[in-house]
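Right, one structure below, let's go through it.
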Amino acid sequence: MTAWVLHVDMDQFLAAVEIQRRPELAGKPVVVGGRGDPTERAVVSTASYEAREFGIRSGMPLKIAVKRCPDAIFLPVDFPVYEAVSARVMQTLRDFPGAVVEVLGWDEAFVGLQADDPVATARAVQAAVLDATGLDCSVGIGDTKVRAKVATDLGKPRGVFQLTRDNWLDVMGERPVKALWGIGTQTAKRLETHDIRTVNDLAAAPDDLLAAEFGPNTGPHIGRLGRGAGSAVVDDTPWVARAHGRETTYQQDLVTQDEIRTALGELATQVESDIRAEGRQCQRVHLKIRFAPFFTFTRVRKLPEPTFAAEAIADTAFALYRGLSDDRPVRLLGVRAEMVPPPGGYDAPRTHGRRGAP
DNA sequence: TCTGGGGTCCTAGGACCC
DNA sequence: TCTGGGGTCCTAGGACCC
């Protein structure tokens, strides 16, 4: 028996859930996002495969999506329903014999297990999820987490794909670095200034060059991504939040100081109830703000002492806003409360956006 | 065509102390 | 008159992920 990492990812998750409860939508272009009104400022959360054929993608503004496919069916995001389905998916994975499950999001997880025939095991996982939820998923198999994660994309939809040390460069070598998990547009651009464009290029890049460009930690980390190397440890320690925040894009820009103060008060009130629910006080306040054309700031301030109080959070956020001395119209406001760590700290850091850490 | 809302982590540099 | 290293705390800002 060999230890494997499986990466399980639901196919078109939000759209699939909506189609399941409205079967007449099957085979049609379905777009889930915002309040389901494509004239509003909001973006696509998930597009069905039929909608993707029109060029609609996650993260795209609904206004653009509706231009690309005026006949698409637009539906609002229904968080409680997806959470319930997600919980069933994750429980199915945990019930799989010998499986250790590390949840990455609503619709994906790493599964660590031992197997002689990992492809057969992956097929069994797919069958179990389909049986429990009626939904399809794809499974990536790897000898590291990075390889398993990347493999899933190659198997979609409803597929299984395996990436190991032996076939990594054969399969991935000619692809652009952006195909890797953890390399986005900006990192790809900076790599290109060193003539690093493909996974082959990155895998061969010396660590000292990458360290000079990206820092002593991040540089070598990016190099390891190119080689598909990294951890194979699937960690099921429950996730503990570091922060909670709320942000809103306003359908009409906010103009006056009063409007902004009021909006910050509303956001801070929601944040207070989120952190109270965990019994954890706020120690630092983050203000996020986007001015009308396109210019986003973040500002941070430590509170004199930890608190739950929405007033203190809102006052601090407003003070940060005033410090910007900018009276342009405001399109987006966000308030985030960074919480006091639990006693003993975060014993098993659970990271989704992590980079570079050992 | 005009950009959501929820998160996490890394890097750099200034201030301050010894 | 000019300036060492090492450490901590803090903020700004960048980047990535789902």
Side-chain angles (χ1 to χ4, degrees), chain A residues 7 9-10 13-14 31-46 55-68 76-77 79 82-83 86 103-109 145-146 149 152 177-178 180-191 211-222 225 239-251 267 270-271 274 283-288 290-303 316 320 323-324 331-339 346 349-358:
Chain A
H7 177 254
D9 195 64
M10 303 303 293
F13 181 57
L14 273 50
V31 177
V32 183
R35 295 189 284 191
D37 178 351
T39 67
E40 289 192 347
R41 289 175 180 168
V43 296
V44 176
S45 291
T46 304
I56 298 176
R57 295 285 180 273
S58 294
M60 174 182 285
L62 294 183
K63 284 176 185 169
I64 296 174
V66 74
K67 287 203 159 75
R68 295 208 174 174
V77 177
F79 293 94
Y82 313 138
E83 271 161 20
S86 174
V103 177
L104 291 183
W106 269 351
D107 66 338
E108 60 174 309
K145 284 180 172 178
V146 172
K149 169 79 182 170
T152 309
V177 291
K178 199 163 179 306
L180 298 171
W181 183 41
I183 299 203
T185 309
Q186 299 308 318
T187 304
K189 260 188 213 161
R190 284 172 75 179
L191 287 169
E213 177 63 40
F214 296 101
N217 212 340
T218 301
H221 171 68
I222 289 171
L225 291 178
W239 174 71
V240 179
R242 265 72 167 164
H244 288 298
R246 292 295 182 99
E247 64 181 78
T248 303
T249 296
Y250 298 94
Q251 295 299 321
L267 293 166
Q270 296 172 336
V271 167
D274 290 344
Q283 61 177 2
R284 297 209 286 175
V285 174
H286 300 233
L287 169 73
K288 183 172 169 183
R290 170 135 79 225
F291 295 107
F294 177 63
F295 205 37
T296 307
F297 282 99
T298 309
R299 287 290 181 274
V300 186
R301 182 168 298 173
K302 189 175 199 290
L303 293 168
T316 303
L320 286 166
L324 296 172
R331 181 154 300 184
L332 172 150
L333 284 175
V335 174
R336 169 172 306 279
E338 197 180 313
M339 295 177 288
Y346 300 100
R350 299 311 314 283
T351 61
H352 303 321
R354 105 187 287 179
R355 308 179 52 163

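Predicted model, so just to flag it, every value in this text is computed and none were measured. All chains are named by letter (A, B, ...) in the order of the sequence lines, taking the proteins before the strands, and each is independently numbered beginning at 1.
- Listed nucleotides: dA12(C), dT11(C), dC16(C). Nearest to the side chain of Arg299(A): dA12(C).
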Could you pull out the protein-nucleic contacts involving nucleotides 5-8 of chain C (nitrogen or oxygen on both sides, under 3.5 Å)?
none

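- Nearest nucleotide to the side chain of Lys149(A), out of dT1(B), dG4(B), dC18(C): dC18(C).
- With values rounded to the nearest 0.5 angstrom, Thr152(A) atom OG1 is found 5.0 Å from His7(A) atom NE2.
- Leu332(A) places its CG atom 17 Å from the P atom of dC2(B), with the value rounded to the nearest Å.
- Thr248(A) comes within 4.0 angstrom of the backbone, heavy atoms only, and of no base.
- With sequence neighbours excluded, the residues that form a side chain to side chain contact (heavy atoms under 4.5 Å, CB included) with Ala241(A) are Trp239(A), His244(A), Glu278(A), Met339(A).
- Relative to the side chain of Pro61(A), the nucleotides dT3(B), dG4(B), dT11(B) differ in distance, and dT3(B) lies closest.
- Atoms CZ (Arg57(A)) and C1' (dC18(C)) sit 17 Å apart, rounded to a whole Å.
- Going from atom CD of Glu338(A) over to atom P of dC9(B) covers 10 Å, rounded to whole Å.
- With sequence neighbours left out, Glu40(A) forms a side-chain hydrogen bond (donor to acceptor under 3.5 Å, both in side chains) with Arg35(A).
- For Glu213(A), the side chain to side chain contact (heavy atoms under 4.5 Å, CB included) partners at least two apart in sequence or on another chain are Arg190(A), His194(A).
- Distances shown here put every side-chain N or O of Arg290(A) at or beyond 4.0 Å from the OP1 or OP2 atom of dT3(B).
- Atom P of nucleotide dC10(B) and atom CG of Leu225(A) are separated by 13 Å, given to the nearest angstrom.
- Among the protein residues, Leu180(A) comes within range of the sugar-phosphate backbone only, with heavy atoms under 4.0 Å from sugar or phosphate atoms but none that close to a base.
- Annotation: dC17(B) and dG4(C) have their C1' atoms spaced 15 Å apart (nearest Å).
- The side chain to side chain contact (heavy atoms under 4.5 Å, CB included) search around Gln283(A) returns Glu338(A), Val340(A), Pro341(A), not counting sequence neighbours.
- Listed by chain and number, the residues in a side-chain hydrogen bond (donor to acceptor under 3.5 Å, both in side chains) with Thr46(A) amount to none (sequence neighbours excluded).
- Close to dC18(C), at under 4.0 Å from its OP1 or OP2, lies no side-chain N or O of Ser58(A).
- Between the CG atom in Leu332(A) and the OG1 atom in Thr296(A) there is a gap of 7.0 Å [rounded to 0.5 Å].
- As a whole-Å value, the separation of Lys302(A) NZ from dA12(C) P is 14 Å.
- Atom CG of Leu287(A) is separated from atom P of dT11(C) by 14 Å (rounded to the nearest Å).
- Listed by chain and residue number, nothing satisfies the side-chain hydrogen bond (donor to acceptor under 3.5 Å, both in side chains) test with Arg299(A) (two or more places apart in sequence, or in another chain).
- Remark on DNA chain B: of its neighbouring residues Arg246(A) and Ala212(A), the 5'-side contact belongs to Arg246(A), judged by nearest-heavy-atom nucleotide.
- Between Thr218(A) and dA15(C) there is no side-chain N or O to OP1 or OP2 distance below 4.0 Å.
- One can place CZ of Phe214(A) at 16 Å from C1' of dC9(B), the figure rounded to the nearest angstrom.
- Atoms CG and CD, from Leu287(A) and Glu247(A) in turn, are 11.0 Å apart once rounded to the nearest 0.5 Å.
- Rounded to whole angstrom, the span from the NZ atom of Lys288(A) across to the P atom of dA15(C) amounts to 14 Å.
- In this structure, Gly184(A) reaches the sugar-phosphate backbone alone: every heavy-atom distance under 4.0 Å involves primed, P, OP1 or OP2 atoms, never a base.
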For residues 55-68 of chain A, dump all side-chain donor-acceptor pairs below 3.5 Å to protein atoms at least two apart in sequence or in another chain.
from: Arg57(A); atom 1: NH1; to: Arg52(A); atom 2: O; distance (Å): 3.1
from: Ser58(A); atom 1: OG; to: Ser45(A); atom 2: O; distance (Å): 3.0
from: Arg68(A); atom 1: NH1; to: Gly55(A); atom 2: O; distance (Å): 2.8

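- Residue Thr249(A) places at least one side-chain N or O under 4.0 Å from the OP1 or OP2 atom of dG4(B).
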Worksheet item: Passes side-chain contact (heavy atoms from CB on, under 4.5 Å), Val271(A) versus Val285(A)? Steps please.
Response: CA-CA 11 Å; Val271(A) 167; Val285(A) 174; over 6 Å; no
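- Each of Gly215(A) and Val43(A) was assigned the nucleotide of DNA chain B with the nearest heavy atom; the assignment lying further toward the 5' end belongs to Val43(A).
- For dT3(B), the OP1/OP2 oxygens have a side-chain nitrogen or oxygen of Arg331(A) closer than 4.0 Å.
- Of the candidate nucleotides dC17(C), dT11(C), dC2(B), dT11(C) has the atom nearest to the side chain of Arg284(A).
- Distance from the side chain of Gln186(A) is smallest for dA15(C) among the nucleotides dA15(C), dT11(C), dG4(B).
- Residue contacts shown for Arg336(A) include a base, since a base heavy atom lies under 4.0 Å away.
- Not one side-chain nitrogen or oxygen of Lys63(A) sits closer than 4.0 Å to the OP1 or OP2 atom of dC2(B).
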Practice prompt. Return one dot-bracket line describing DNA chain B 5' to 3' (Watson-Crick or G-U wobble pairs, both distances under 3.5 Å; ( ) same strand, [ ] crossing, | another strand, . none).
Written response: ....||||||||||||||
